[in-house]
2 protein chains.
Amino acid sequence: MRRPTLEAVAARAGVSRATVSRVVNGSDTVRPEIRAAVLRAVEELGYVPNSAARSLVTQRTDSIGLVVSEPPSRVFSDDPFFSIVVRAVSQELENADKQVVLMLASSAAGHARVERYVAGGHVDGVILLSLHGSDPLPAALLRTGVPVVSHGRPVSTVRPPYCDCDNVGGARAAVEHLVGKGRRRIATIAGPPDMTAGLDRLAGYREVVSGSDRRSLVAMGDFTRESGAAAMRQLLEDDPDLDAVFAASDLMAIGAMHTLRKAGRRVPDDVAVVGFDDIEAARYTDPPLTTVRHPIAEVAQAIVRMLLSLEPGQRPEPVILPTELIVRDSA
Amino acid sequence: MRRPTLEAVAARAGVSRATVSRVVNGSDTVRPEIRAAVLRAVEELGYVPNSAARSLVTQRTDSIGLVVSEPPSRVFSDDPFFSIVVRAVSQELENADKQVVLMLASSAAGHARVERYVAGGHVDGVILLSLHGSDPLPAALLRTGVPVVSHGRPVSTVRPPYCDCDNVGGARAAVEHLVGKGRRRIATIAGPPDMTAGLDRLAGYREVVSGSDRRSLVAMGDFTRESGAAAMRQLLEDDPDLDAVFAASDLMAIGAMHTLRKAGRRVPDDVAVVGFDDIEAARYTDPPLTTVRHPIAEVAQAIVRMLLSLEPGQRPEPVILPTELIVRDSA
DNA sequence: CTGAAAGCGCTTACAG
DNA sequence: CTGAAAGCGCTTACAG
């Protein structure tokens, strides 16, 4: 079932290929009768332009790469972050009539593939997700000359333009809330130290704690429930008298609450818990989770707009969106 | 920053474009010295083949479309199903050196876009997700002649090949477990009636209930937490004496437990709860959720293999993977 | 084993 | 306003 070409449409409409091309591309320098005849032929033949041929001459592909750079261990995690970003990006790109090409790079081989793919001119731009400190991808992609933006501030020294939420301010608000509730021993479960979301939320915690004559008490996690549960066990061992914990993600807060329950601590009576992200699950925990809203979809939309308006050689300023403390029952 | 072409590599290596093409594509009919010279030139110039030009002549794109057909209301839900499928498909396709092009079709305009995109030869095959009864997409895509497979049995009369889990059997096992525990008034929160996962899980429930001289008690949901919470409220109103509920998704089970808690019912003492899917969150509810394991990633892998091995004109048999009851504390 | 040549299906100056 | 022609960057019979 061979698809009809421009040639076939031209023959049917009795015009040249150039004219068909003009009509198909919406040029307004075509006589109405001719346009109508061409459109009829297009319709009758079910003509759809071949995208490879078009890209070859226009040097555009009308697709954008969404590169997710994650270690294999987290690739199957059910972090809603991924899903929300993917959907928001697709939706926003849809308005610009562009497609999303998804690329997971979870290994060195994966990185090489992504790099080749981008260098092969397959996409007009790249959105980077989940950047880790040692990640060589940003530098490699920047070198291809293709426009690149990052969802979240990258750790690496070579920095593509990015959009992020106010991680430090959000963490600060969370911990200040705990201080305001009179909590004395406030611990934190931090995110991975090779991601800026991990670093910045920890920085916000430290600022408030050290500014209020409290001692800091830190355990590390990697944003997953399981790591939150493990970190909470560690924290209880380190200081059985703690009366509050700020987890750098809702998933870790959920894991922490699981551990607290098993240890017989009541939330918030014995230990107050605050999360970060305000994912939907935060409304369904027992008790419902007090957390910091992370405008994930809004950041994604901003990224897309940034990418689409990027002029060659230009370095736009980062965009930082505000967070908001959402008080529920856990703290 | 113009990228080097075959031409440039040929000039540098002192051979013809045909020879460079052969080396780049791994043909073994090239003399070793020449191959080495070409590879050196490729390296020095940083040559990467232009994919549009290659596709134009080979008529292949080495990418596969993943089409998610969902109403806008659910597009931003954080159902891990979406994330798991996307990741599993990418991973599996990576082994075959193919890329995933993600397409969300959440409106009539979206459908038209997807159809045009596929008809435009942008992808070599299509994987369909979240099919709803009235969805015109399967028929439209099948008409393009591009290979299509579906994740989950489609409702529509025109049926692409598919892979699914044993929804009926899984639901049966869940309800039999409740019967075995001596529960008398077993309700169900069903999925949407325009999706086979909704229909089949309800059918499994009905089979067991009606085969054990119990009355059925059904409320409808749409697989989300919120719908599960609302359905549970309805159920408690309809029959305050119910002592068990089978929810057709873990998310709905989580919503139902939320409602039960607010209504002062203890789980499982007053009301036993069983879910479906065994998402990670099921291990972190209070109490941990008894559920039916849905091998989402395995189904996705099977789909990809099916798609890649599809011969033109062939209609492979559906593949149905088994489910497994996971007993925890909620029932 | 290698090269000259045709051709994949489009777009876009350039003439007219 | 329209058409003839060149060209985008590859691959692949076909000769040799």
Side-chain angles (χ1 to χ4, degrees), chain A residues 1-39 41-42 45-63 116-124 144, chain B residues 1-39 41-42 45-63 116-124 144:
Chain A
M1 144 143 143
R2 193 133 216 81
R3 287 169 33 217
T5 66
L6 250 202
E7 187 74 54
V9 177
R12 179 152 195 135
V15 298
S16 72
R17 276 147 60 217
T19 297
V20 177
S21 177
R22 288 189 189 102
V23 171
V24 168
N25 290 294
S27 156
D28 50 2
T29 68
V30 178
R31 243 183 32 229
E33 312 90 88
I34 298 205
R35 164 188 307 279
V38 169
L39 289 176
V42 164
L45 262 31
Y47 171 72
V48 180
N50 176 297
S51 48
R54 179 178 271 180
S55 289
L56 184 55
V57 32
T58 60
Q59 310 278 25
R60 282 181 300 100
T61 62
D62 290 328
S63 38
R116 283 182 59 82
Y117 193 81
V118 171
H122 240 299
V123 293
D124 300 337
T144 66
Chain B
M1 148 144 143
R2 193 130 217 84
R3 289 168 34 217
T5 66
L6 250 202
E7 187 74 53
V9 177
R12 179 154 197 135
V15 298
S16 72
R17 275 147 62 213
T19 298
V20 176
S21 177
R22 288 189 189 100
V23 171
V24 168
N25 289 294
S27 156
D28 50 2
T29 68
V30 178
R31 242 180 36 228
E33 312 89 270
I34 296 204
R35 164 188 307 280
V38 169
L39 288 176
V42 164
L45 261 31
Y47 171 72
V48 180
N50 177 297
S51 49
R54 179 177 271 178
S55 289
L56 183 55
V57 32
T58 60
Q59 308 278 25
R60 283 181 300 99
T61 62
D62 291 329
S63 37
R116 283 182 58 83
Y117 194 79
V118 171
H122 239 299
V123 294
D124 299 337
T144 65

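The figures that follow rest on heavy atoms only: side chains count, while hydrogens, waters and symmetry mates do not. The sequence lines fix the lettering, A, B, ..., with proteins before strands; numbering per chain opens at 1. Worth saying up front: this structure is predicted, and the values here are computed from it rather than measured.
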- prompt: Pick the nucleotide of DNA chain C nearest each of R22(B) and A53(A); which residue has the one closer to the 5' end?
  reply: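 Upstream on the strand: R22(B).
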Using the side-chain heavy atoms of [X], tell me which of these nucleotides is nearest: [options].
X: S16(B); options: dT11(C), dC10(D), dG3(C); result: dG3(C)
X: A18(B); options: dG9(C), dA4(C), dT2(D); result: dA4(C)
X: V57(B); options: dT2(D), dT11(C), dT11(D); result: dT11(D)
X: S21(B); options: dT12(D), dT12(C), dG9(C); result: dT12(D)
X: L56(B); options: dG3(D), dC8(D), dC8(C); result: dC8(C)

May I ask you to test the [X]-[Y] pair for a side-chain heavy-atom distance under 4.5 Å?
X: P49(B); Y: V24(B); value: yes
X: R12(B); Y: V20(B); value: no
X: Y117(B); Y: V48(A); value: no
X: V15(B); Y: V38(B); value: yes

task: Take atom P in dT2(C) and the same atom in dA6(C), then report the distance between them in whole Å.
output: 23 Å
dG16(C) and dT12(C), which share atom name C1', separated by this distance in whole Å: 16 Å
To the nearest Å, how far apart are [X] [atom1] and [N] [atom2]?
X: Q59(B); N: dG7(C); atom1: CD; atom2: P; value: 15 Å
X: L6(A); N: dA5(D); atom1: CG; atom2: P; value: 17 Å
X: E7(B); N: dT11(D); atom1: CD; atom2: C1'; value: 14 Å
X: N50(A); N: dC10(C); atom1: CG; atom2: C1'; value: 8 Å
X: R54(A); N: dG9(D); atom1: CZ; atom2: P; value: 18 Å
X: D28(A); N: dC1(D); atom1: CG; atom2: P; value: 8 Å

message: Could you identify the nucleotide paired to dG3(C), looking across every strand shown and requiring Watson-Crick or G-U wobble geometry with both distances under 3.5 Å?
response: dC14(D)
message: Below the 4.0 Å mark, does dG9(C) have OP1 or OP2 next to a side-chain nitrogen or oxygen of T5(A)?
response: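 The answer is no; no side-chain N or O of T5(A) sits under 4.0 Å from OP1 or OP2.
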message: Check the phosphate of dC1(C) against R31(B), side-chain N and O only, distance under 4.0 Å to OP1 or OP2. Yes or no?
response: no
- request: Name the residue closer to the 5' end of DNA chain D, choosing between T29(A) and R17(A) according to the nucleotide with the nearest heavy atom.
  value: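 Its nucleotide being nearer the 5' end, the pick is T29(A).
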message: Give me the atom names and distance for the closest heavy-atom approach of V9(A) to V42(A).
response: CG1-CG2, 3.8 Å
